[in-house]
Structure formats: structure tokens, C-alpha cells
Peer 1: 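One structure, as C-alpha cells, below. Some questions next.
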Amino acid sequence: MCGYKQWRKVRRAVLQAVALVCACTMLGACGTQKTEPDRVNLADVVLAVGLNPHSKDVIRANTGLVALVHKDGTADFIDTKGMSPQNMAWNDSGLFFDDSDNHFYISRDPGHGYVSKRDNASAAGITMAPVGDDAVLAMYQGEYAQADDSTTVQMQWPTPKPQTLVTSPAALPDAVAQCASGTFATARSNDDPGSYVLYEISETDGMKQVDSKPVTEQFVPGTSTGAVPCVGDELVLFGGVSDGAKGNGYGSQTLTLLKWNVKTHELTQENATQKNGEPQLYVGETSFFYGQDLTTDAGEMIAMSTNGDVEFIDMRTMRITRSKEPPQLFDVGTAQYDIAGSDAYAYMIFTPTSGSKDDAKIFVYRTSDWALVHTIDAQGTLNDLLSNRKELYPTVFAANPAMSWD
């Protein structure tokens, strides 16, 4: 009997050691500087980065991290639950994010944040964005009815504490915006792929459809980094219209802006044009990022491709005013760029692939004149994670709007 008990103790110790080694190998968790949300000081935090598993081999891990990146390229890490990308947004009061189980709020005033259980645990996040007066809106994918191909969207305002969850029948939005007349969202219609739907959003009524307009099925929206621009009451969507070429990899897309007046409901679709008046084309299926925090005081939208090419587009004339190349070039398939904005600055994040010998970097640009004001070299574990050398990979980036580089 004593021998059996001893065997069980040894077996338990071995299993625990194996589990620890597996966790370190899969998640890169060993050697990370872990912290708790109520102990974080945001004073020199530049970016928050969501990191999640990308392989079915680690589905049992069911865990991720949020990295809080400092000016010197080091980072603190907060454990999160679930494999889906975290919803994440900043406002003037601090950083908000969630995982499959909880809402997190890290206040600029240390010790005044919270960790609160979600009412809709495990519902996949759609987006999180600052809206209204110091408010933040979180949106989640609700139940899907296969019988009539209908979807629902769940909304919650986690400021100053998580408010009541509101569920509405609606198509899954690809953009949310804070306009002069209120908060709005747009989505490709579930019933008609050739049209877009405009929704008005409120804390009491959720998403209410207010308009629907035809939009070519070849329009593919860019990825919004939070809220999208709204100039007065004109919500601006950015994307590309494909020429329809399939299979050869050499098709092209025309950069396109949709401008939807949320008050008059007028929708216009226009090509982004070069200085000579010709439409701006991109070869292949290049993906772009854009957002409200990537605009200039001159009324320009900043759109960046995953290759790091940057276009400045005047949202009134649709004319491309400037084009910029990436700060660091790379061979196809060895890296990509992500971007996060904070009004005055844009953070271009260079993330190599796992086989690359390059290191991850964050290039800080002033949006007004696109001057490179600082370069952050990712250090240690943060570099390994941003360089895709672990079984977690970066999925979402959000920039601290209070950070100044001047």
C-alpha cells in the first residue's frame, strides 16, 4: 500500500513537470514577466497586444496572453482564457479588454480597475471601440439560427462598470463609428449579399436597422483598428473592389471608399485616385488596415497594407495625397505589418514569420507629417512572441492614446 502511494506521488510529480514543460513550450509562458491587472502602471505602456494559440494541436491549452509593451521594448503579461482573439480598446481613462470569461479594465489611476465575470462567457468577440463621452462599446457574436440563416449581435458597455448585455437580431458588423448623431454600425446583409445595412446603436435598444443600400459584392472591406472614421455624420468605409480574377494570383483590386451619411442616408461609392486622376490599383488580394485613430487633422485617412505600404487618402476628394514605403523591407512570406493608431501617432508593428531571422520592431510615426520619431526593438519573450516563434501569435493591437513622443 505504501509502495502504491509512493508510486502515485511520483507519477503526479512527473505529470506536473510534463505539463509545465508543455505549457512553457506551447505558450512561451516561462520567463515572461506576469502581472495582475490591479498592479499595472500604464505610464510608459505604449501598446497592448493580444496573443492567442494558432494551432489545433494546442486547443487543450485554452489560454492566451495580453502583452503590455513598454517604451524600452520589454513587456508585462496578463493571462487570459480562451483561444479567440481578445476584444480590446483604450480610452482616456485606461485600457479595456476581455477574454472568454472576464472583462478587464486597467485604470490610469493604479488600483482602480476591475476584473468582472462576463454574462456571455465564450461568445466570440467582434470588436471593441471607444464611443461617446468616455464610453467603450464591446460587441459579440450571438446565437445563429441555421434554419433561416439569421444572426444576432450582443452589445455591452463596460464603462464605468459592465452594463446590461443587450442582444439584437442583426448581421455581423464589419464597422462601428461614433458620428455626430450617435453610434452606428454597418454590415453586409445576410439576406442580400449585394447590399449593406446601416444600424443605429443605443444602450437600451441595441442595434436598430435604419437603412439598406446596394453595394457591389466585389467590395471587400479593410480591417478596422477599432472604430472607423465618421466625418460629421458621414461614416466612411474603406476597402477594395476586386476585378473578379480567380486562381491565377494576379487579379487586382481598386481601392474604394463608401461614404454613408447616417442622417440623410445618402450612400456614395468612389474610387481612391492617384494625383493623375487614375484609380489606385493593387495587384492580388492585398489586405488593408484603417480606422478613426488613423486619420489626420487635414481630413486624411491613413490606410496600410500588410506589406507595409501606406496611402494617405483625402476623405473629401478621394484623392491619394501621399504614398509611403515600409520602413523595413522583407521577402514575400517572411513577415507582415500590423498597425495601431492613437490620433497623433501611428505604430507600425513589424512581425516576422517563425522561420525568419529578423526581430520584431515597432516603428512610431507622427501622423501629421509621417516622420519616424522612434523605433522600439522588441526584447526577450516579447520578441519571440511577436516573431511567431511560440505557439501564441499576435492577433490584436491597441495603442495608448496618452503616450507622447514629442
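Since this is a predicted model, take the numbers as computed values, not measurements.
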Peer 1: Without hydrogens or angle criteria, can the side chains of N400 and R108 be said to hold a donor-acceptor pair below 3.5 Å?
Peer 2: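 Looking only at side-chain atoms, R108 and N400 do form a donor-acceptor pair, the distance falling under 3.5 Å.
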Peer 1: Does the D98 side chain pair with the main chain of N87, one donor and one acceptor, at a distance under 3.5 Å?
Peer 2: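 Checking the backbone N and O of N87 against the side chain of D98, a donor-acceptor pair under 3.5 Å is found.
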Peer 1: Do any N or O atoms from the side chain of S224 and from the backbone of Y290 form a donor-acceptor pair under 3.5 angstrom?
Peer 2: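 Between the backbone of Y290 and the side chain of S224 there is no qualifying donor-acceptor contact (under 3.5 Å).
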Peer 1: Can you tell me if T151 and N190 form a side-chain donor-acceptor pair at under 3.5 Å?
Peer 2: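 Side chains of T151 and N190: pair found under 3.5 Å.
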Peer 1: Would you check if there is a donor-acceptor pair between the side chains of Q178 and T183 at a distance under 3.5 Å?
Peer 2: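 There is such a pair between these side chains.
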Peer 1: So, does R188 use its side chain to make a donor-acceptor pair with the main chain of P173 at under 3.5 Å?
Peer 2: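 Flag not set: sc R188 to bb P173 has no pair under 3.5 Å.
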Peer 1: Would the distance check show the side chain of T256 and the main-chain N or O of T254 forming a donor-acceptor pair, the cut-off being under 3.5 Å?
Peer 2: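 Yes, T256 side chain to T254 backbone: donor-acceptor pair under 3.5 Å.
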Peer 1: Could you walk me through whether R366 and D369 satisfy the salt bridge (charged side-chain N to carboxylate O under 4.0 Å, His left out) test, starting with their C-alpha distance in whole Å, then the side-chain angles of each, then the deciding distance to 0.1 Å, before giving a yes or no?
Peer 2: CA-CA 6 Å; R366 190 167 49 235; D369 57 4; 3.0 Å; yes
Peer 1: Distance only, no hydrogens: is a donor on one side chain within 3.5 Å (strictly under) of an acceptor on the other, for E300 and T321?
Peer 2: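 Checked: E300/T321 side chains pair up, N/O donor to acceptor below 3.5 Å.
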Peer 1: Say whether S342 and D293, considering side chains only, have a donor N or O and an acceptor N or O under 3.5 Å apart.
Peer 2: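 On atom types as modelled, these side chains do not qualify, holding no pair under 3.5 Å.
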Peer 1: Might you point out which heavy atoms bring S107 and G113 nearest each other, and give the distance in Å?
Peer 2: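 Smallest heavy-atom distance, with atoms named: CB-N, 3.9 Å.
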Peer 1: Okay, side chain of E311, backbone of S323: is any donor-acceptor separation there less than 3.5 Å?
Peer 2: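 Checked: no pair found.
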Peer 1: Could you tell me whether the side chains of N383 and D359 share a donor-acceptor contact shorter than 3.5 Å?
Peer 2: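 Checked: N383/D359 side chains pair up, N/O donor to acceptor below 3.5 Å.
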Peer 1: Judged by modelled atom types alone, do Q86 and T80 share a side-chain donor-acceptor pair under 3.5 Å?
Peer 2: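 Side chains of Q86 and T80: pair found under 3.5 Å.
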Peer 1: For A129 versus A227, what's the shortest heavy-atom pair and its separation?
Peer 2: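 Of all heavy-atom pairs spanning A129 and A227, the closest is CB-N, 3.7 Å.
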Peer 1: Determine whether the side chains of N120 and Q154 contain a donor N or O and an acceptor N or O closer than 3.5 Å.
Peer 2: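 The answer is yes; a qualifying pair exists.
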Peer 1: Can you name the nearest heavy-atom pair linking Y105 to G94, along with the distance?
Peer 2: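 Here Y105 and G94 meet closest at CE1-CA, 4.2 Å.
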Peer 1: Would you call the rings of F97 and F104 parallel, tilted or perpendicular, where under 30° means parallel and over 60° means perpendicular?
Peer 2: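 Aromatic pair F97/F104 classed parallel.
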Peer 1: Tell me, please, which residues at least two apart from E200 pass salt bridge (Lys or Arg N to Asp or Glu O under 4.0 Å).
Peer 2: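 For E200, no residue satisfies salt bridge (Lys or Arg N to Asp or Glu O under 4.0 Å) once neighbours in sequence are set aside.
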Peer 1: By the ring pair (Phe, Tyr, Trp, His ring centres under 6.0 Å) test, which pairs, at least two apart or in different chains, include something from residues 192-217?
Peer 2: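 Residue pairs with at least one partner in residues 192-217: there are none.
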Peer 1: Taking the side chain as everything from C-beta on, heavy atoms only, tell me whether T186 gets closer than 4.5 Å to W260.
Peer 2: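 Touching, per the 4.5 Å side-chain cut-off.
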Peer 1: Which heavy atom of M88 sits nearest to which heavy atom of G50, and what is that distance?
Peer 2: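 So the two residues come closest at CE-N, 3.7 Å.
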Peer 1: Is it true that T353 and N388 share a donor-acceptor pair across their side chains at a distance under 3.5 Å?
Peer 2: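 No donor-acceptor contact under 3.5 Å links the two side chains.
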Peer 1: For the residue pair Q292 and C230, what are the closest heavy atoms and their distance?
Peer 2: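 Residues Q292 and C230, closest heavy atoms: OE1-N, 3.5 Å.
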Peer 1: Tell me yes or no: between the side chains of N102 and S116, is some donor less than 3.5 Å from an acceptor?
Peer 2: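 No, S116 and N102 have no side-chain donor paired with an acceptor closer than 3.5 Å.
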Peer 1: Aromatic rings W370 and F312: how do their planes relate, parallel, tilted or perpendicular, breaks at 30° and 60°?
Peer 2: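 W370 vs F312 ring planes: perpendicular.
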Peer 1: For the residue pair N91 / S93, report whether a side-chain donor-acceptor contact shorter than 3.5 Å exists.
Peer 2: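 The answer is yes; a qualifying pair exists.
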Peer 1: Can you tell me if T159 uses its side chain to pair, donor with acceptor, with the backbone of A135 under 3.5 Å?
Peer 2: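 No; judged by distance alone, with no hydrogens or angles, the pair does not exist.
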Peer 1: Quick one: are the ring centres of Y345 and Y365 less than 6.0 Å apart?
Peer 2: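 Ring centroids of Y345 and Y365 are no less than 6.0 Å from each other.
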Peer 1: Please answer whether the main-chain N or O of V310 pairs with a side-chain N or O of R322 as donor and acceptor at a distance below 3.5 Å.
Peer 2: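 Answer holds: no.
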Peer 1: CG of L385 to CG of L392: how many Å apart, nearest 0.5 Å?
Peer 2: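 Here the rounded value is 6.0 Å.
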Peer 1: So, the side chain of T295 versus the backbone of P229: is there a donor-acceptor pair under 3.5 Å, distance only?
Peer 2: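 Checking the backbone N and O of P229 against the side chain of T295, no donor-acceptor pair under 3.5 Å is found.
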Peer 1: Return the CE to CG distance between M318 and D314, rounded to the nearest 0.5 Å.
Peer 2: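 M318 atom CE to D314 atom CG measures 7.0 Å (nearest 0.5 Å).
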Peer 1: Strictly by ring pair (Phe, Tyr, Trp, His ring centres under 6.0 Å), give each pair with a member in residues 155-183 just once, sequence neighbours left out.
Peer 2: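 Sorted pair list comes back empty.
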Peer 1: When rounded to the nearest 0.5 angstrom, what distance separates NZ in K263 from CG in L235?
Peer 2: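 Between atom NZ of K263 and atom CG of L235 there are 15.0 Å.
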Peer 1: Are side-chain N/O atoms of S189 and D191 paired as donor and acceptor at under 3.5 Å?
Peer 2: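 On atom types as modelled, these side chains do not qualify, holding no pair under 3.5 Å.
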Peer 1: Salt bridge (charged side-chain N to carboxylate O under 4.0 Å, His left out), that's the test. Do D76 and R39 meet it? Break it down for me.
Peer 2: CA-CA 11 Å; D76 296 319; R39 296 180 181 176; over 6 Å; no
Peer 1: Distance alone, cut at 3.5 Å: any donor-acceptor contact between the side chains of T74 and Q379?
Peer 2: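 Short answer, no.
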Peer 1: Please check: side-chain N/O of Q274 versus main-chain N/O of P279, any donor-acceptor pairing under 3.5 Å?
Peer 2: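 The answer is yes, because a donor-acceptor pair under 3.5 Å joins these two groups.
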Peer 1: Report yes or no: does D377 contribute a side-chain atom to a donor-acceptor pair with the main-chain N or O of K361 at less than 3.5 Å?
Peer 2: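 Here the side-chain-to-backbone pair does not exist.
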